[in-house]
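Below you'll find the structure, written out as structure tokens, and then a few comments.
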Amino acid sequence: MSTPDGESRELTMQREKKLRSISELGFELYPRKFDFTHTIPQILSSYSGETAESLAAAKVQVRVAGRVMTIRPHGKAGFAHLQGGGERLQIYVRLDAVGERDFELYKLLDLGDPIGVVGYLFRTRTGELTVHAERLYFLAKALLPMPEKWHGLADVEIRYRQRYLDLMVNADVRRVFERRSKLIRALRGFLEAEGYLEVETPMMQPLAGGAMARPFVTHHNTLDMDLYLRIAPELYLKRLIVGGLDRVYELNRNFRNEGISTQHNPEFTMMEFYQAYADYQDMIELSERLLRHVAQTVLGSLEFDYGDHHISFEKFERFTMKEAVVRFWPQAAGDLTMADLDDIQNLRQRIPALNAWFSSEIGGAPITESFVNQCSPGEVLQAVFEMVAEHHLIQPTFILDFPLEVSPLAKQKPDDPNFVERFELYVGGMEIANAFSELNDPAEQRNRFRYQQLLREKGDLSAHAIDEDYIRALSYGMPPTGGEGIGIDRLTMLLTNSHSIRDVILFPLLRPEKTSS
RNA sequence: GGGCCGGUAGCUCAAGUGGUAGAGCAUUGCCCUUUUAAGGCAAGGGUUCUGGGUUCGAGUCCCAGCCGGCUCACCA
């Protein structure tokens, strides 16, 4: 694929031959630069309103560069479209206007060649704004053929592997990444305005903490030590809260050595932010304002379509995890009350009926018997929540109050120590954010880590490691703090109506390309 | 890793129940000074993903493998 063979080799040889002919005409093959007066979007936005008459009177001179995307020769004249800045502008090249040498160049152009044009603007008989060329400049050769012009580039693998081709021919792909950039700028702008300081903390960590996931391992030669690519910046950001940076955020990559899916890429972008003297209720309020701000900035609206759904950021639902389970519990699995959820034996007995409903109605994998019997009440509750409620959470919904056992870094609820002050935000059936009142009692934190250590010894590779250095930091006194992480790729998916995370990551991880000999 | 679907010209796709592998675009040559999926005439281009098997005969049927997509699981 990367090295052309067979027929495409022949195409390359044809184009190399043209390149030699272009050289023989006296053109420099890979010139250093091209001075332009306008970009293609500038010409389109400035002169699209002008009539043929006003253009003929003004005879606006332009120097403009772009990639040749269409060629329509007509004997001793011809048209082409140049593409730049995601837009296209037509040029008209005629022998008597550009001269023999430049017209020979026009005839040697291939789809994909970057060129420069000097000329004046006019409208063709069909009314299209066009550059009447007076000089052509050769800027580089496309030795490999462009994607097919009718169907564009459809092969999903090539779209991801050779994203530059995807960007060249699929205008909406370019718009997705422009919007992603705008989204990130809006997030930074919002947090800066709230008095947050952007920081950078280690990507390579001696312990992979701050989340429950399996890490990537690497090695430092001089120190002869293994390091982990971070699964989260969380524990470092809270060390900064201890240090008195009362509002910090980091917007960067995390790495998790887990499966790949439409919602998971091994490296993904997370924005985590921590605010001293706040709790998770404050983070809910902040999240609502933040999401409304970015939707308004990026889309100009609080409402948008996501697949078949119309989503609105006007209103955010709130349920505790237990409320959500009761609310969405399927009739097919019998009646369920809040009281039933407090009785783990009762809940366990209902799993078979729930599994039967799930496999027939939803088609997912059931909760296994060994999971139900081995795991803690909190883990069972979370599994049941994900099974019955998650796919209902299309409109923005905060799920509050998670079980203690699945939340080793969050503070307990004062009136119910089996649950913690934590929420996750769901939109479009996806988990978008995760936040809690940060646990700042070092003794309690050590107990939580010890519990995680037990899970680890039982073989749970994603259980949290004990981080004594972090406990030491907490022991200097961390103020009460609210913290949150927002999955930027998923938020981008929502705001661009993308249904695979690979469509919002320029170069998603792929299996290595098979080498052609 | 499991399930489902797919792999035919450079690209997008066709080829009843097994019977000479085709089309459009792209490419090459010629004609054409306002076209835009420009047009006209002509030409070249294939180990049908790989390896076995069944058959007189396989793009088509069987087995194994490779690659990709979707989906489920782990996870955010």
Side-chain angles (χ1 to χ4, degrees), chain A residues 1 4-15 17-18 52 69-81 88 90-98 103 110-112 122-128 130 132 144-161 165 169 210-215 231-232 254-272 358-359 362-368 371 383 386 424-426 430-434 460-462 485-491 493 499-502 510-514 516:
Chain A
M1 206 178 299
D5 49 48
E7 281 308 300
S8 69
R9 180 173 206 86
E10 201 173 310
L11 288 172
T12 300
M13 284 166 63
Q14 284 168 359
R15 292 184 177 211
K17 194 176 160 199
K18 288 184 185 176
M69 298 305 282
T70 65
I71 302 176
R72 291 178 297 281
H74 294 259
K76 294 185 177 55
F79 293 91
H81 272 110
R88 289 187 182 189
Q90 182 168 262
I91 64 168
Y92 178 53
V93 183
R94 46 190 290 172
L95 175 59
D96 55 14
V98 300
F103 198 72
D110 283 298
L111 296 181
F122 78 113
R123 275 193 193 281
T124 61
R125 216 169 268 170
T126 55
E128 180 164 347
T130 302
H132 199 297
L144 293 173
M146 298 287 287
E148 203 248 8
K149 73 176 179 186
W150 282 17
H151 307 87
L153 183 60
D155 185 313
V156 178
E157 189 187 353
I158 297 175
R159 284 190 47 224
Y160 296 146
R161 250 187 232 296
L165 296 178
V169 300
M212 315 253 265
R214 296 164 65 180
I231 57 174
N254 289 345
F255 308 86
R256 298 190 184 174
N257 205 340
E258 308 274 359
I260 295 173
S261 80
T262 49
Q263 289 182 46
H264 301 87
N265 193 63
E267 53 177 313
F268 63 103
T269 301
M270 178 90 106
M271 186 177 82
E272 287 200 9
F358 195 60
S359 57
I362 308 293
I367 301 177
T368 63
F371 179 89
E386 286 170 3
E424 286 184 350
L425 173 63
Y426 287 83
M430 289 190 289
E431 184 190 332
I432 297 299
N434 179 22
D460 182 351
L461 295 170
S462 68
I486 295 180
I488 300 307
D489 310 285
R490 289 183 180 174
L491 185 56
M493 286 168 69
H499 294 265
S500 169
I501 198 167
R502 291 178 164 190
L510 301 174
R511 209 179 291 269
E513 192 170 353
K514 203 172 78 178
S516 54

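In what follows, every chain begins at residue 1, and chains take the letters A, B, ... in the order their sequences are listed. Heavy atoms only: backbone and side chains are in, while hydrogens, waters and symmetry mates are out.
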Inset, instruction - Spell out yes or no: do the side chain of A:Q90 and the base of B:U35 have one donor N/O and one acceptor N/O closer than 3.5 Å? - result: yes
Inset, instruction - Ignoring the backbone of A:H74, work out which of B:U33, B:A76, B:C70 is nearest its side chain. - result: B:U33
Inset, instruction - Ignoring backbone atoms, establish whether A:R123 has a side-chain N or O less than 4.0 Å from OP1 or OP2 of B:U34. - result: no
Inset, instruction - Give the rounded distance in Å between these two atoms: CZ of A:R161 and P of B:G69. - result: 8 Å
Inset, instruction - Among the candidates B:G69, B:A76, B:U35, find the nucleotide nearest to the side-chain atoms of A:R502. - result: B:G69
Inset, instruction - Please give the nucleotide sitting opposite B:A21 as a Watson-Crick or G-U wobble pair, both distances under 3.5 Å, or none. - result: none
Inset, instruction - Hey, which sits more toward the 5' end of RNA chain B by its nearest nucleotide, A:F79 or A:H499? - result: A:F79
Inset, instruction - Just name whichever nucleotide pairs with B:G16, Watson-Crick or G-U, keeping both distances under 3.5 Å, else none. - result: none
Inset, instruction - Please state whether the phosphate of B:U28, meaning OP1 or OP2, lies under 4.0 angstrom from any side-chain nitrogen or oxygen of A:K17. - result: no
Atom pairs under 3.5 Å: protein N/O with N/O of nucleotides 23-26 of chain B:
residue, atom, partner, partner atom, Å
B:G24, N2, A:E148, OE2, 3.2
B:A26, OP1, A:K149, NZ, 3.1

Legend entry - Nucleotide nearest A:R72 when distance is taken to its side chain, options B:A76, B:U35, B:G68: B:U35
Legend entry - Integer angstrom distance from the C1' of B:C61 to that of B:U55: 10 Å
Inset, instruction - Assess the side chains of A:E424 and A:Y426: does a donor N or O sit below 3.5 Å from an acceptor N or O? - result: yes
Legend entry - Atom-to-atom span, CD1 of A:I501 to P of B:G69 - whole angstrom: 15 Å
Inset, instruction - Please tell me which of the listed nucleotides, B:U35, B:U28, B:A76, lies nearest to the side chain of A:R125? - result: B:U35
Legend entry - Nearest-angstrom distance, P atom, B:C70 to B:U54: 38 Å
Legend entry - Distance below 4.0 Å between A:T262 side-chain N/O and B:U71 OP1 or OP2: yes
Inset, instruction - Tell me the partner of B:C41, counting only Watson-Crick (N1-N3 plus N6-O4 or O6-N4) or G-U wobble (N1-O2 and O6-N3) with both under 3.5 Å; none if nothing fits. - result: B:G29
Legend entry - Between OG on residue A:S500 and CG on residue A:D489, distance to nearest 0.5 Å: 10.5 Å
Legend entry - Distance between P atoms of B:C5 and B:A43 (Å, rounded): 42 Å
Inset, instruction - For A:R88, enumerate each residue passing the salt bridge (charged side-chain N to carboxylate O under 4.0 Å, His left out) test, keeping only those at least two apart in sequence or located in another chain. - result: none
Legend entry - Toward the 5' end of RNA chain B, by each residue's nearest nucleotide, A:M212 or A:D96: A:D96
Legend entry - Interatomic distance at C1', B:C13 relative to B:U35, whole Å: 28 Å
Inset, instruction - Measure from the side-chain heavy atoms of A:S500 and tell me the nearest of B:C74, B:U33, B:C70. - result: B:C70
Inset, instruction - Determine whether A:R94 and A:H74 make a side-chain contact, defined as any pair of heavy atoms from C-beta on separated by less than 4.5 Å. - result: no
Inset, instruction - Sticking with atom C1', work out how far B:U34 lies from B:A42, rounded to a whole angstrom. - result: 27 Å
Inset, instruction - Please report, rounded to the nearest Å, how far the P atom of B:U71 is from the CZ atom of A:F358. - result: 14 Å
Legend entry - Interatomic distance at P, B:G6 relative to B:A76, whole Å: 35 Å
Inset, instruction - Would you mind pulling out the nucleotide paired to B:U55, Watson-Crick or G-U wobble, both distances under 3.5 Å? - result: none
Inset, instruction - Identify whether any heavy atom of A:D460 sits under 4.0 Å from a base atom; if not, whether one sits that close to sugar-phosphate; answer base, sugar-phosphate or nothing. - result: nothing
Inset, instruction - Pick base, sugar-phosphate or nothing for A:E424, based on heavy-atom distances below 4.0 Å to the nucleic acid. - result: nothing
Legend entry - Atom pair CD1 (A:I432) and CE (A:M493), whose distance is rounded to the nearest 0.5 Å: 8.0 Å
Legend entry - A:R490, nearest nucleotide to its side chain (from B:A76, B:U71, B:U35): B:A76
Inset, instruction - Just compare B:U34, B:A76, B:U28 and give me whichever is closest to any side-chain atom of A:F122. - result: B:U34
Legend entry - Residues, nucleotides or ligands: over 12 heavy atoms within 6.0 Å of A:R214 CZ: no
Inset, instruction - Considering only atom P, compute the distance from B:G3 to B:G10 and round it to an integer number of Å. - result: 33 Å
